[in-house]
Colleague: 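Quick one: structure below, then a few questions.
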Amino acid sequence: MSPVMYWTTTVAKSVYILVFPLTLAFVLAWAERKQSAVMQDRIGANRASVFGRPWLGFVHMVCDAMKMFTKEDFVPETEHRFLHHIAPGIAMFFALLAFAVIPFGNQLTIAGETIGLQVADLNVGILFVFALTSLGVYGLVLGGWSSNNNYALLGAIRASAQMISYEICIGITVIGAIIAFGTLSLQEIVLAQGTHLLAGWLPRWGILLQPLGFLLFFVAGIAETKRVPFDMPEGESEIIGFNLEYSSMKFGLFLFTDFVETVLIAAVTVTFFFGGWQVPWLYETGFAFPWGSTWAIHPNIAALLQMGAFVGKVVFFCWLMMAIRWTLPRFRYDQVMDLGWKWLLPLSLANVVVTALITLW
Amino acid sequence: MATQNTIRVSVRRRAATLSFWEQVYLFEVIRGLWITTHHFVLNLYYHILKLFGIRKTHPLTPTIQYPEECRPLALRLRTLHRLARRDDGRPRCVACMMCETVCPALCIQIVAAAVDDPNIEKRPKSFDIDIGKCVFCGFCVEACPEDAIRMDTGILDIASYSRGGMVLDIDRLLSLNAATERTDKEVDQLQKWLLQ
């Protein structure tokens, strides 16, 4: 591959994988208001309008963004200015960077060149993702600590305690998936989910190999996003969180990070347990159905279909996490710790042991 | 002595009332998600129908889009006052001061004047009601011997930028109609007056 081609495709892929979560996060900010309204028999944001129409409430989101950007950025004198300024950026940066190893498609063939649809095909992709999500909590901790405010500091401490508890569960759960797939590369994990079970009727997705693993991973993943059933760090309704001393778009960035992390957890869940970009019975040259019929399509169109399938699956999981967020009340702090250490951790350990035994058999 | 002072505390363990499957919590989460998703899907269905104009109303959403649509008011509801007119257009009020006397909030101010007509006792030269003080008890309506002051305008959104703006004079009170008679144009005019 020529250097020009290499850099062009790399930049294009990077832009795609940056725009995808940011756009979806913006849509989630809208869905946060509108989906909750529809779930609760309300109508939701419908007053701000452009050209006499509210455009399903999207105008509210634009107005909110404008408000965030134009509000006063208030920084009390006692704060550590530098850390206070970069903390929201750190949180956002690591959340976005983790998308670099998520495979969003198989491969496109353009001008005789094969382009793998993944920004960086690291052979330790899983470790990369979890290293970055673990680092993301530094944004919160630095934000809470540099605020020079006891309530913010306590929020930051709650954040780090919660992250540590659930990182361990996620890490151990993923070991089960690694044993089942035999690789650490995310693209290879997705490729391994392209085969079928039961004489070709059932796609061999991760959830069939690791049902308990999926459950544990998803619960711990929701805890990682710091959203409502697990919003110990923020606790906006009663206890006050790490972002107490933040205002304007720096506050907005923390808010937005939660949505980006929701997309990230959805993407990683899809990659591990729901076949990533795989469409059932769709191979590189077209569909091959288990009842024997085939439908040949161009490989590039197949690749685009798979990219669309990945987006669709991620959107579904974002919806599911939003539904959980608007269904469950917040856990108490001791309940969060109980769930993490007394339930998820032993279960994930048992999951690893059982998976290892079955694999050895 | 010591035995008499012993306090017996019965500790009721709430967790004991939960069954095993409820304590696992996962199934309860799924049950809760089922309820919310059920509402989500049904509501979304009707929202889409409404969006494309197939249905005019949304049967499951009780929201009333307030400034545009209002709940129907009961006829007996006490709303903003008005002064009724005689058939020839003059106010029915004879300035007997009954309402001013009975008013517990002291919000009515009447100045009487003489009338040439021997059948009419007096007439109100000015008749001010300070809506800011009014408690909407309806005593003025009960006390009125001429059925001149009524609280049937159906107007509830009474607001002003100043205390003075809450004082309605005789011209405004006379210009109001009963809710059953009022036209949309008059409602708009009234809004402008109240916000002056």
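Any value given below was found using the heavy atoms of this structure, including those in side chains, with hydrogens, waters and symmetry copies removed.
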Colleague: With a 4.5 angstrom heavy-atom cut-off, could you sort out which part of Leu56(A) is near chain B: side chain, backbone, both or neither?
Modeller: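 For Leu56(A), the side chain is the part near chain B, not the backbone.
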Colleague: Can you say whether Pro59(B) sits under 4.5 Å from chain A via the side chain, the backbone, both, or neither, judging by heavy atoms?
Modeller: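 Neither the backbone nor the side chain of Pro59(B) comes within 4.5 Å of chain A.
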Colleague: Which one of Val29(B), Ile35(B), Val41(B), Leu42(B) has the most heavy-atom pairs closer than 4.5 Å to chain A?
Modeller: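 Among Val29(B), Ile35(B), Val41(B), Leu42(B), the one with the most close pairs to chain A is Val29(B).
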Colleague: Go through Phe40(B) and Trp319(A) one step at a time and tell me if the side chain to side chain contact (heavy atoms under 4.5 Å, CB included) criterion holds.
Modeller: CA-CA 11 Å; Phe40(B) 178 80; Trp319(A) 172 85; 3.2 Å; yes
Colleague: Determine whether more than 12 heavy atoms belonging to other residues, nucleotides or ligands lie under 6.0 Å from atom OH of Tyr45(B).
Modeller: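 Count not over threshold, so no.
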Colleague: Is any residue of residues 32-44 of chain A within less than 4.5 Å of chain B by heavy atoms, and which ones?
Modeller: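 Gln35(A), Val38(A), Met39(A), Asp41(A), Arg42(A), Ile43(A) fall under the 4.5 Å cut-off.
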Colleague: Count the heavy atoms belonging to other residues, nucleotides or ligands that lie under 6.0 Å from CZ of Arg31(B), then report whether that count exceeds 12.
Modeller: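 12 or below, so no.
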Colleague: Pair Tyr25(B), Leu328(A) - check side chain to side chain contact (heavy atoms under 4.5 Å, CB included), show working.
Modeller: CA-CA 11 Å; Tyr25(B) 199 55; Leu328(A) 301 182; 4.1 Å; yes
Colleague: Does CG in Asp87(B) sit with more than 12 non-hydrogen atoms of other residues, nucleotides or ligands closer than 6.0 Å?
Modeller: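 Not more than 12 within 6.0 Å, no.
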Colleague: Side chain from CB out, backbone as N, CA, C, O: work out which of these in Gln65(B) comes under 4.5 Å of a heavy atom of chain A, or both, or neither.
Modeller: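 Gln65(B) touches chain A through backbone and side-chain heavy atoms alike.
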Colleague: With a 4.5 angstrom heavy-atom cut-off, is it the side chain or the backbone of Thr37(B) that approaches chain A, or both, or neither?
Modeller: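 Only the side chain of Thr37(B) comes within 4.5 Å of chain A.
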